[in-house]
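Report on one structure; see the data block that follows.
We name chains A, B, ... by the order of the sequence lines, and we start the count at 1 in each one.
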Amino acid sequence: MAKTLDASPDQLQKITHGQETRVAARKKRLRAVKRWGWRIAGYVFFLLLWDVASGTLMSDRLLVPPAGVAREIGEIFQSGDLWMHLSSTLQKIGIGFTLAFFLGTTIGLLTQSRWWEAFFKDWVTSTMTTPGLVYALVVGVIFGFSPIGPIVAIVFASFSYVTVNVAEGIRALPKDLIDMSKAFRVSPGSRLRNVIFPHLAPYLFTGVRYGFSIAWKVTVLTEVFASNKGIGFIMRVEFQLFSMAGLLAWISIFFILMLFLEKGILQFIEQRFFRWRQEVKLA
Amino acid sequence: MADIRVEHLHKEFGTGVEKVVALDDVNLDVSGHVFVSVVGPSGCGKSTLLNVLTGIENPTRGKVEITHEGRDAFPGYVFQSPRLLPWRSVMDNLIFVHKDRSKETRERCRRYLGMVGLEDRGSKYPGELSGGMQQRVGIARAFSTEPDVLFMDEPFSHLDAITARSLRRELHDMWKATKKTVLFVTHDVGEAVELSNRIVVFAKGGTIKDDITVDLPFPRDPADQDVAIAKADVLRKFEELDLIAT
């Protein structure tokens, strides 16, 4: 107390400000812990539900209990099949979505001209609304078991999500900020780095997120019909063997992988890129 | 300091029936360490004049020359809204308008942030500051480039009266200390009288109607009698020119 009284008004303000920041940080941490608690509770609840349902609502051969599926996952891990199928699927998605990203961005940039927009518009819309199953069937017939099939399907199914978002981002370019940088004679390169790209980043991000999730679905679907490798292929094999444990195990692996990509990678990038938004929200 | 020469400047937007004349045969000469206000009703082409002067817009006809000792003058600009990059820190917003990120540049940016009283906010994002503080950053940004000429477009019109008043004082001090040529657009006659040596009056249709010299010592207190009288004089001229809508 005596120490506080000795402080000048300026110092006093700093002290209280420091305390406020600490209190806010502690509250934030508590909220995060609480959220994790609920999230874990959700997992426990649904796993329990699954466990109870298996054997009571349904035969445990049709709905294999979590423990059985876990055992199966362990076996898949040990057999070495996991990496072969996973890498095959990931490779196709990696190549296919990279192509889709560049194609989508290019078309998005082109559609700023009204002529190119007229040229592409209906194609973008129709590729976006065509069900993934249609691509899977068509490339299956044309390319057979070749890995080119899924890649082509990915490009067709997902580029439009990037296109639409890029186009929207460019339509919303911050003219006032661009004028400002022109008035200050900022070079075009610096303008691109400091104004246009940071503005487009969230749009690109949304495009990638949607496009990527579509790419996953189409890849797996294509593999179910026409492939001899990959997660979709192995799911079909398990289906033909009526192996529910295997099917559920692969679904679980797929689920864990998606979760890792979403939480581990996409969210990490997002947090790095958009830190300014969080700081502003906290203020 | 800079010399601004505007000759027979004409600016139109659109064509045919949608044609709008924003500036009509504008002639203006400004030079030296002066503070010139451009006053007029909304939509009379004041902002367009600044946009043409800074090169954001091209003139339809006529000539614009802004020189400093024979070469092209380097302009600074303070906008109506702060126009800061929301994804860059305050300090980086200042550095952004500089050609380099050298130590001298950083030092200079820090100094001008200090002049507007924000030396300890350099690492904040604009969204974390109040509207008045953001506008201060905009002013510091313009001054930090040490421009030959400073263009200001109603920079205080979005702020509350108290903040605007203290910023006007800061602006005056900075103008005096840095000896800039300032062209200041406003629709607030009181503000123009308080800050400027000269008031250029615009009317609808984008023409200059009057050019008034305000010969009062600085600093000017709006509550001061002479300042109040000068303001009343300018307003009376507005009425004579039929600028005030009835």
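For chain A, the nearby part of Leu84(B) is the backbone; its heavy atoms alone come within less than 4.5 Å. Looking at Arg83(B), both its backbone and its side chain come within 4.5 Å of chain A, counting heavy atoms on both sides.
Side-chain atoms of Lys11(B) come within 3.5 Å of backbone N or O of Asn58(B) as a donor-acceptor pair. Judged purely by atom type and a 3.5 angstrom limit, Thr89(A) uses its side chain to pair as donor or acceptor with the backbone of Ile231(A). Looking at Thr186(B), its side chain does come within 3.5 Å of a backbone N or O of Asp188(B) through a donor-acceptor pair. Counting only distance, with no hydrogens or angles, the side chain of Gln80(B) and the backbone of Asp153(B) share no donor-acceptor pair below 3.5 Å.
By the 4.0 Å N-to-carboxylate-O rule, Lys175(A) lies close enough to Asp179(A) to be salt-bridged with it. Under a 4.0 Å N-O distance rule, the pair Glu107(B)/Arg110(B) qualifies as a salt bridge.
In the model, Thr105(B) has a side-chain atom that pairs as donor or acceptor with a side-chain atom of Ser102(B) under 3.5 Å. Looking at His98(B) and Ser144(B), their side chains do bring a donor and an acceptor atom within 3.5 Å of each other.
In this structure, the separation between CD on Gln134(B) and CD on Glu128(B) is 10.5 Å, given to the nearest 0.5 Å.
Inspection of non-hydrogen atoms places Ser181(A), Ala183(A), Phe184(A), Arg185(A), Val186(A), Ser190(A), Arg193(A), Asn194(A), Val195(A), Pro198(A), His199(A) of residues 181-206 of chain A under 4.5 Å from chain B. Using a 4.5 Å cut-off between non-hydrogen atoms, no part of residues 94-122 of chain A approaches chain B.
Taking the ring centre of Trp36(A) as origin, the terminal cationic atom of Arg39(A) falls inside the region bounded by 6.0 Å and 45° from the ring axis.
Between Ile4(B) and the options Val64(B), Val149(B), Val36(B), a side-chain contact (heavy atoms from CB on, under 4.5 Å) holds for only Val149(B).
Among Phe96(B), Trp87(B), Phe151(B), Tyr77(B), the residue with the largest count of heavy-atom pairs under 4.5 Å with chain A is Trp87(B).
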